[in-house]
Q: 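Below you will find the structure I want to go over with you.
For the single chain, residues carry numbers from 1 onward in sequence order. This structure is a prediction, so every number in the text was calculated from the model and none was measured.
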Amino acid sequence: MRIPLIALLSGVLVSTLLAGTAGAAVTTGRLAPVPTGQAALTANPIYKTGKLEPDACPEQPVYNDDLDTAETYLSFALDCLNEGWEYQFSKAKLPFSKPRFAVTTRIGVPTGCGKFPKGAQAVYCSLNKKITFYLDKGILSQATELFLLQTLAHEYGHHVQQLSGILPTVFKRKYKNDKAYLPELRKVELQAECLSGAFIGSIWRSLGRRESDFRYVLNAAYSTASHGTTKSIAYWVTRGFQQETPGACNTFSAPKSRVA
């Protein structure tokens, strides 16, 4: 039985994530204000920045069941994510700051938004702009697959949402009940899936991977029911991967059938 390895961000934890102030912003020239309200969700400047253009990002050597090489792999992948997304934010004229990052080998460690939850592979806390990644035996046993990269890219997608005003807008809104809130949360998660696909697509040629490696990630994503239906997850990951741009990931303007 395959362990679900695509990043999970539990609803309970997500509901506690509020806009943080950690991290110094990288500024390049005159910046635009971070959008708020509906404009942040449906007309965000990050959507208009075109294709991601990171430099070549060859994967670092990683071996199954080897914690040290997995940590090194993630560190180099994070550098690529920082470089690629910083350039997108400069094109959007929005302030950028790198996320904090930590690796853990046990659940229950502090994340800044409570303790690391059981059942998650990685979480993003917007209070301190930190990604915490759980390197358990399950993911380490398949470290040579794309799971490490896709999971990190998904959580980085939440960081993009935070810096661009999307997460603060969603979390500051008042909802009558869970029935009203959960569809918005699903859009957040499906967007992060799409943003991860856009980044992977943008560096795909430098990875030296086969198409079957990407299909393997898609198959695993089907088990991540909390992010939406299998059809929706596959649609948004693939859409991002094929178009390589955050403009492909506007889940907040999508038909309901696409964000189910």
Side-chain angles (χ1 to χ4, degrees), residues 7-27 31-49 85-86 88-89 92-101 110-117 120 122-132 153-196 198 224 226-228 232 236 240 246-256 258-260:
L8 301 176
L9 196 59
S10 72
V12 174
L13 184 59
V14 167
S15 66
T16 69
L17 304 188
L18 303 174
T21 57
V26 176
T27 59
L31 297 175
V34 176
T36 59
Q38 190 63 24
L41 304 181
T42 60
N44 202 290
I46 202 70
Y47 298 153
K48 303 173 185 178
T49 55
W85 282 111
E86 181 175 0
Q88 292 303 112
F89 274 80
K93 299 189 182 302
L94 293 175
F96 174 83
S97 60
K98 297 177 182 179
R100 299 171 63 191
F101 181 69
T111 66
C113 293
K115 294 181 179 179
F116 194 96
V123 295
Y124 176 76
C125 175
S126 59
L127 287 173
N128 57 5
K129 298 185 178 69
K130 181 179 179 181
I131 298 170
T132 304
H154 174 99
E155 295 307 324
Y156 205 104
H158 290 309
H159 185 59
V160 171
Q161 292 170 324
Q162 174 66 24
L163 297 184
S164 61
I166 294 170
L167 280 188
T169 295
V170 170
F171 295 143
K172 286 179 181 178
R173 283 184 168 179
K174 294 182 179 180
Y175 301 91
K176 293 181 180 179
N177 48 44
D178 286 347
K179 187 177 181 180
Y181 172 61
L182 291 178
E184 293 301 289
L185 178 59
R186 191 179 303 117
K187 293 174 186 177
V188 167
E189 291 297 343
L190 289 172
Q191 184 174 73
E193 295 282 17
C194 181
L195 293 172
S196 75
T224 317
S226 64
H227 288 186
S232 293
W236 288 105
C249 303
N250 187 350
T251 55
F252 294 93
S253 295
K256 288 184 179 180
R258 288 299 188 190
V259 289

Q: Under a 4.5 Å cut-off applied to non-hydrogen side-chain atoms, are Val123 and Pro117 in contact?
A: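 Result yes, sub-4.5 Å side-chain heavy-atom pair found.
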
Q: Could you go through Arg258 and Leu190, starting from their C-alpha distance and side-chain angles, then the distance that decides it, and tell me whether this counts as side chain to side chain contact (heavy atoms under 4.5 Å, CB included)?
A: CA-CA 10 Å; Arg258 288 299 188 190; Leu190 289 172; over 6 Å; no

Q: Counting C-beta onward and ignoring hydrogens, is there a side-chain heavy-atom pair between Thr111 and Lys130 closer than 4.5 Å?
A: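 No. Closest side-chain heavy atoms not under 4.5 Å.
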
Q: Are Ile166 and Phe252 side-chain neighbours, meaning at least one heavy-atom pair lies under 4.5 Å?
A: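 Yes - at least one pair of side-chain heavy atoms lies under 4.5 Å apart.
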
Q: Looking only at heavy atoms, what is the nearest atom pair of Gly112 and Cys125, with distance?
A: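 Taking every non-hydrogen atom into account, C-SG, 3.4 Å.
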
Q: Could you walk me through whether Lys187 and Glu184 satisfy the salt bridge (Lys or Arg N to Asp or Glu O under 4.0 Å) test, starting with their C-alpha distance in whole Å, then the side-chain angles of each, then the deciding distance to 0.1 Å, before giving a yes or no?
A: CA-CA 5 Å; Lys187 293 174 186 177; Glu184 293 301 289; 3.0 Å; yes

Q: Please check this pair: side chain of Thr42 against backbone of Ala39, looking for a donor-acceptor N/O pair closer than 3.5 Å.
A: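 No, Thr42 side chain to Ala39 backbone: no donor-acceptor pair under 3.5 Å.
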
Q: Roughly how far apart are Ser126 OG and Leu163 CG, rounded to 0.5 Å?
A: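 Here the rounded value is 10.0 Å.
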
Q: Do you know which two heavy atoms are closest between Asn44 and Pro35, and how far apart they sit?
A: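 Shortest heavy-atom separation between Asn44 and Pro35 comes out as ND2-CG, 3.6 Å.
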
Q: Within the side chain of Ser164, is there an N or O that forms a donor-acceptor pair under 3.5 Å with the backbone of Ile46?
A: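 No, the answer is negative, given that no donor and acceptor are paired below the 3.5 Å cut-off.
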
Q: With the side chain counted from C-beta on, respond yes when Thr132 and Glu155 share a heavy-atom pair under 4.5 Å apart, and no when they do not.
A: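 Side chain of Thr132 against side chain of Glu155, heavy atoms only: no contact under 4.5 Å found.
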
Q: Any luck finding a side-chain donor-acceptor pair between Gln38 and Arg173 under 3.5 Å?
A: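 Arg173 and Gln38 do have a side-chain donor-acceptor pair below 3.5 Å.
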
Q: Quick check: does any side chain N or O of Asn177 sit under 3.5 Å from a backbone N or O of Ala180, one acting as donor and the other as acceptor?
A: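 Confirmed, Asn177 side chain pairs with Ala180 backbone.
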
Q: Which value, rounded to the nearest 0.5 Å, describes the distance between Cys249 atom SG and Gln161 atom CD?
A: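 Between Cys249 SG and Gln161 CD, I get 9.5 Å after rounding to 0.5 Å.
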
Q: If you measure from CD on Glu189 to CH2 on Trp236, what distance do you get to the nearest 0.5 Å?
A: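 Glu189 CD to Trp236 CH2: 14.0 Å, rounded to 0.5 Å.
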
Q: Nearest 0.5 Å, what's the NZ-CG distance between Lys129 and Leu167?
A: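 The NZ atom of Lys129 sits 10.5 Å away from the CG atom of Leu167.
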
Q: Scan Phe89, Trp85, Tyr124, Phe101 and name whichever one has a ring-ring contact (aromatic ring centres under 6.0 Å, His included) with His159.
A: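 Exactly one pass, corresponding to Tyr124.
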
Q: Can you name the closest pair of heavy atoms from Gly157 and Leu195 and give their distance?
A: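 Where Gly157 meets Leu195 most closely, the heavy atoms are O-CD1, 3.7 Å.
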
Q: Would you name the heavy atoms of Pro95 and Ala32 that are closest together and state the gap between them?
A: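 Taking every non-hydrogen atom into account, CD-O, 4.1 Å.
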
Q: Is there side-chain contact between Arg186 and Pro183, with heavy atoms separated by less than 4.5 Å?
A: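 Contact flag for Arg186/Pro183 side chains = yes.
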
Q: At what distance, to the nearest 0.5 angstrom, does CG of Asn250 lie from CG of Leu41?
A: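 Here the interatomic distance stands at 8.5 Å.
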
Q: Of all heavy-atom pairs between Cys113 and Leu127, which one has the smallest distance, and what is that distance?
A: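 That closest heavy-atom pairing would be SG-CD1, 3.7 Å.
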
Q: Identify the two heavy atoms, one from Ser232 and one from Ala260, that lie closest to each other, and give their separation to 0.1 Å.
A: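 Heavy atoms of Ser232 and Ala260 come nearest at OG-O, 3.1 Å.
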
Q: When rounded to the nearest 0.5 angstrom, what distance separates CD in Gln88 from OG1 in Thr49?
A: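 That separation rounds to 4.0 Å.
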
